[in-house]
A.B. asks: 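Pasting a structure here, questions to come.
Index from 1, following the sequence. Values in this document were obtained by computation on a predicted structure and should not be read as measured data. Just so you know, ligand 1 is whichever comes first in the structure, and atom 1 is the first atom listed for that ligand.
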Amino acid sequence: MAMITFRINRFNPDDERRGHYMQEYQLDVEKGMTLLDALNEIKWKQDGTLTFRRSCRSGICGSCAMTINGVNNLACETQVLEFGGSTITVEPMRGYPVVKDLVVSLDPLIRGLLAVKPYLISHSPPPSDQERLQSPEEREKIDGLYECILCGSCTSSCPSFWADKEYIGPHAALKAYRFVADSRDEGSAEHLEALDDRHGLWRCHTIFNCVEACPKDLNPTKAISELKKELVRRRLG
Ligand code: F3S
């Protein structure tokens, strides 16, 4: 058990005069407690006005992504005592408009996602007696791509996104490549269309922050590089 101080960003859109400020809460933390557990304890027992997003508490829904001691991560997968210090700073993810306290608007994330048509596109009629099949080797090609939970950590950590809020973002590129690499998909041109744009893949300067930020250990930079090669191949005919 250890007494930890949580410095948490507060922001109430109804109190513009006060703007953003940090508020401190102390909590006895025991081994095994996640940051989400700690935030729940604070909200339920100390300050019911503290606002944050959460849902599954199992690293699946991506709702509780936030900036913890300067690094994006999921609160439900972050062990408080593993930081080792006595103070933890918790802020909303950078780059997105803050709605309240730790809650950000994910509208930019959703815009980028929808632009790449994140679903299987097929122009052939489905087989009448079975589903669309893949070989094990074809299926393996989407490993490391389909696992994205759309938490927004990658795009929030990207300096290109900070500089250009219309940049489509590494999350959208990873999602597009998940379908371009899928042997059953026949819509590569449609997935790629929004990426071949001044706010598309060419905004990526291979900074790699997105790889470090991904709580699922995925590699959006590799997906971007594969998609850039595909765009060049198509331009060269
Ligand atoms: Fe941004 Fe990742 Fe590219 S951090 S610049 S999308 S490699």
A.B. asks: Side chains of Gln23 and Arg10: donor-acceptor distance under 3.5 Å anywhere?
C.D. replies: yes
A.B. asks: Between Leu81 and Met33, is there a shared hydrophobic cluster once you connect ILVMFWY residues whose side-chain heavy atoms come closer than 4.5 Å?
C.D. replies: yes
A.B. asks: Which protein non-hydrogen atom lies closest to atom 3 (Fe) of ligand 1, naming both residue and atom, and how far is it?
C.D. replies: Cys204 SG, 2.4 Å
A.B. asks: Which ligand 1 atoms, with their elements, are less than 4.0 angstrom from a heavy-atom of Ile207?
C.D. replies: 5 (S), 7 (S)
A.B. asks: Could you tell me which atoms of ligand 1, counted from 1 in the order shown, lie closer than 4.0 angstrom to a heavy atom of Pro170?
C.D. replies: 6 (S)
A.B. asks: Relative to ligand 1, is Asn209 under 4.0 angstrom through side chain, backbone, both or neither, heavy atoms considered?
C.D. replies: both
A.B. asks: Is the distance from atom 2 (Fe) of ligand 1 to some N, O or S atom of Cys210 under 2.8 Å?
C.D. replies: yes
A.B. asks: Does the plane of the ring in His191 sit parallel, tilted or perpendicular to the ring in Tyr119? Use 30° and 60° as the thresholds.
C.D. replies: perpendicular
A.B. asks: Between Trp202 and Asp196, does any side-chain donor sit less than 3.5 Å from a side-chain acceptor?
C.D. replies: yes
A.B. asks: Distance alone, cut at 3.5 Å: any donor-acceptor contact between the side chains of Thr5 and Glu24?
C.D. replies: no
A.B. asks: Short list, please: which atoms of ligand 1 are under 4.0 Å from a heavy atom of Tyr167?
C.D. replies: 6 (S)
A.B. asks: Starting from atom 1 (Fe) of ligand 1, find the nearest protein heavy-atom neighbour and note its residue, name and distance.
C.D. replies: Cys158 SG, 2.3 Å
A.B. asks: Can you tell me if Glu212 and Ser157 form a side-chain donor-acceptor pair at under 3.5 Å?
C.D. replies: no
A.B. asks: Would you mind listing which atoms of ligand 1 come within a distance below 4.0 Å of any non-hydrogen atom of Ser160?
C.D. replies: 5 (S)
A.B. asks: May I ask you to list the atoms of ligand 1 that are less than 4.0 angstrom from any heavy atom of Ile224?
C.D. replies: 6 (S)
A.B. asks: Side chain or backbone of Phe208 under 4.0 Å from ligand 1, or both, or neither, by non-hydrogen atoms?
C.D. replies: backbone
A.B. asks: Side chains of Arg184 and Ser122: do they bring a donor and an acceptor to under 3.5 Å?
C.D. replies: no
